[in-house]
Number of protein chains: 2
Amino acid sequence: MEYNSKQIEILNISLKLFAEKGFDGTSIRDIAKAADINVAMISYYFGSKEKLLEAIVINRVSGFSMILENLQTEEISPVEKIKKFVALYITRLFQNKDFYQIVHFEIVNQKRACDFSAFSEIKKKNLLLLENIIAEGQKANVFKSISNPHLIPAIIIGTFSQVYNNKKFYYELLNLKNEKEFENYIANDFKEEITNVVLGMLIK
Amino acid sequence: MEYNSKQIEILNISLKLFAEKGFDGTSIRDIAKAADINVAMISYYFGSKEKLLEAIVINRVSGFSMILENLQTEEISPVEKIKKFVALYITRLFQNKDFYQIVHFEIVNQKRACDFSAFSEIKKKNLLLLENIIAEGQKANVFKSISNPHLIPAIIIGTFSQVYNNKKFYYELLNLKNEKEFENYIANDFKEEITNVVLGMLIK
DNA sequence: GACAAAATTAAACAAACGTTTAATTTAAAC
DNA sequence: GTTTAAATTAAACGTTTGTTTAATTTTGTC
């Protein structure tokens, strides 16, 4: 699908509003006002409010880069691969936090007939990639055999959202002053700590 | 606040519906139909839809038992305390999953002027308790010094919600057939694995 | 059984919702 | 400059929303 700049602006603004106030909590008029367009333009461009949500999903998922997927072929040690896996995962989470927020709600919700199969496919691919890295590490005798590789993405995503959604609490706790400092915390300390947790689960 | 059985039923049914479909996605008429009462009864009993949400929050938080808090005084080793801490935490999460779902959304949302201070207080108390157990373990020379005790509740809550909200995915992955089997997985394997992750972060 | 208070009802309320209409403006093509 | 299609608008559409009203039924008390 090809979108003009106005359509892309609508997509981005409604992504932000849906993440902030929820799909049901955001009205067409909210979006129109924020995007400085007429309410009719949303139906005109996307058909309906639900189809706008679908457009957001397709638009975002198709934009997910293949960086993670290319990790497999890199010639680095399994430990380094895990480190990179976690780092890339967290970066992607941070960059798409609004989108993950919406997806999270919609998957729980089941109210809308929204198709997340493309999203699920990516998750399955990521899990497969992770399992391969772990198998590689076991062959090299540096990783132990674990029964729960699927818990690793759950820990990364879950802990990240938990921290992000309680931003206020962590601002106080970690003496963070603004969004930039929070981003730094995620990109440095948080990333390192989660990496250690994951490696702790794997290394012999 | 004293509630009669009809009021408690409304509280429970709207808790379930708000968790399933969101606050904005649930209408007064949805609740009235599910609880088999007239729409006017909700305003009559609780004042408004928002005040109903507040009543749910107060009702639930006040019901949180003191079991976790009493852990401090038990005469068991720090390692055993951590095991019990994680186990109790996960049990509480599972028993109140609908409530956590709502709180999670409302905290992110900021749309409603809902008071979660009592909830935050409990979280702070839990974190303090955890820090005390860790300090105890460090004194006994079994725990290392860690900079991030706050990440432990985030890991427990985050991973749990991540797994619970992707139930379908995990049903397939773990060959679970029904809610009962899922509950068993949480109460056994999941609990054990998360305990190991947490202990892995702490033990020397 | 008469009375007062509480519970419950159907109906109505105004406001907000997503969507559609029909008219107007803008842009592009010749 | 005229023509044609696309973009944009204000207004209206029928529903649904949360809430209130006023009437009715139920309940408890003497």
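Here is how names work: the chains are called A, B, and so on, in the same order as the sequence lines, proteins then strands, and each is numbered from 1.
Tyr45(B) comes within 4.0 angstrom of sugar-phosphate atoms only, judged by non-hydrogen atoms across all strands, and of no base.
Rounded to whole Å, atom P of dA10(D) lies 13 Å from atom NZ of Lys33(A). For the pair Asp36(B) CG and dT8(C) P, the interatomic distance rounds to 11 Å; values are reported in whole Å. One interatomic measurement links the two molecules: CD1 of Ile31(B) to C1' of dT17(D), which rounds to 12 Å at whole-angstrom precision. Separating the CG atom of Asn4(B) from the P atom of dG28(D) is a distance of 12 Å, rounded to the nearest angstrom. The NZ atom of Lys111(B) sits 12 Å away from the P atom of dA16(C) (whole-angstrom rounding). Rounded to an integer number of Å, the gap from CG of Leu52(B) to P of dG18(D) is 11 Å. Remark: P of dG18(C) and CD1 of Ile10(A) are 15 Å apart, rounded to the nearest angstrom. Remark: P of dA16(C) and NZ of Lys21(A) are 13 Å apart, rounded to the nearest angstrom.
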>> Could you go through Glu136(B) and Lys139(B), starting from their C-alpha distance and side-chain angles, then the distance that decides it, and tell me whether this counts as salt bridge (Lys or Arg N to Asp or Glu O under 4.0 Å)?
In response: CA-CA 5 Å; Glu136(B) 208 181 306; Lys139(B) 235 181 202 164; over 6 Å; no
Protein-nucleotides 19-28 of chain C N/O pairs under 3.5 Å:
residue : atom : partner  : partner atom : Å
dT19(C) : OP2  : Lys49(A) : N            : 2.8

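Checking Glu9(A) against Asn12(A) by side-chain atom types alone, no donor-acceptor pair falls below 3.5 Å.
Note that Lys49(A) lies in the cation-pi zone of Phe23(A), set by a 6.0 Å cut-off to the ring centre and a 45° limit from the axis. Within the cation-pi definition used here (under 6.0 Å to the ring centroid, within 45° of the axis), Lys168(B) does not qualify as a partner of Tyr171(B).
Around the CD atom of Glu172(B), the shell of radius 6.0 Å holds no more than 12 heavy atoms that belong to other residues, nucleotides or ligands. More than 12 heavy atoms of other shown residues, nucleotides or ligands fall within 6.0 angstrom of atom NZ in Lys167(B).
Taking 4.0 angstrom as the limit, Ser27(A) places a side-chain polar atom (N or O) nearer than this to OP1 or OP2 of dC17(C).
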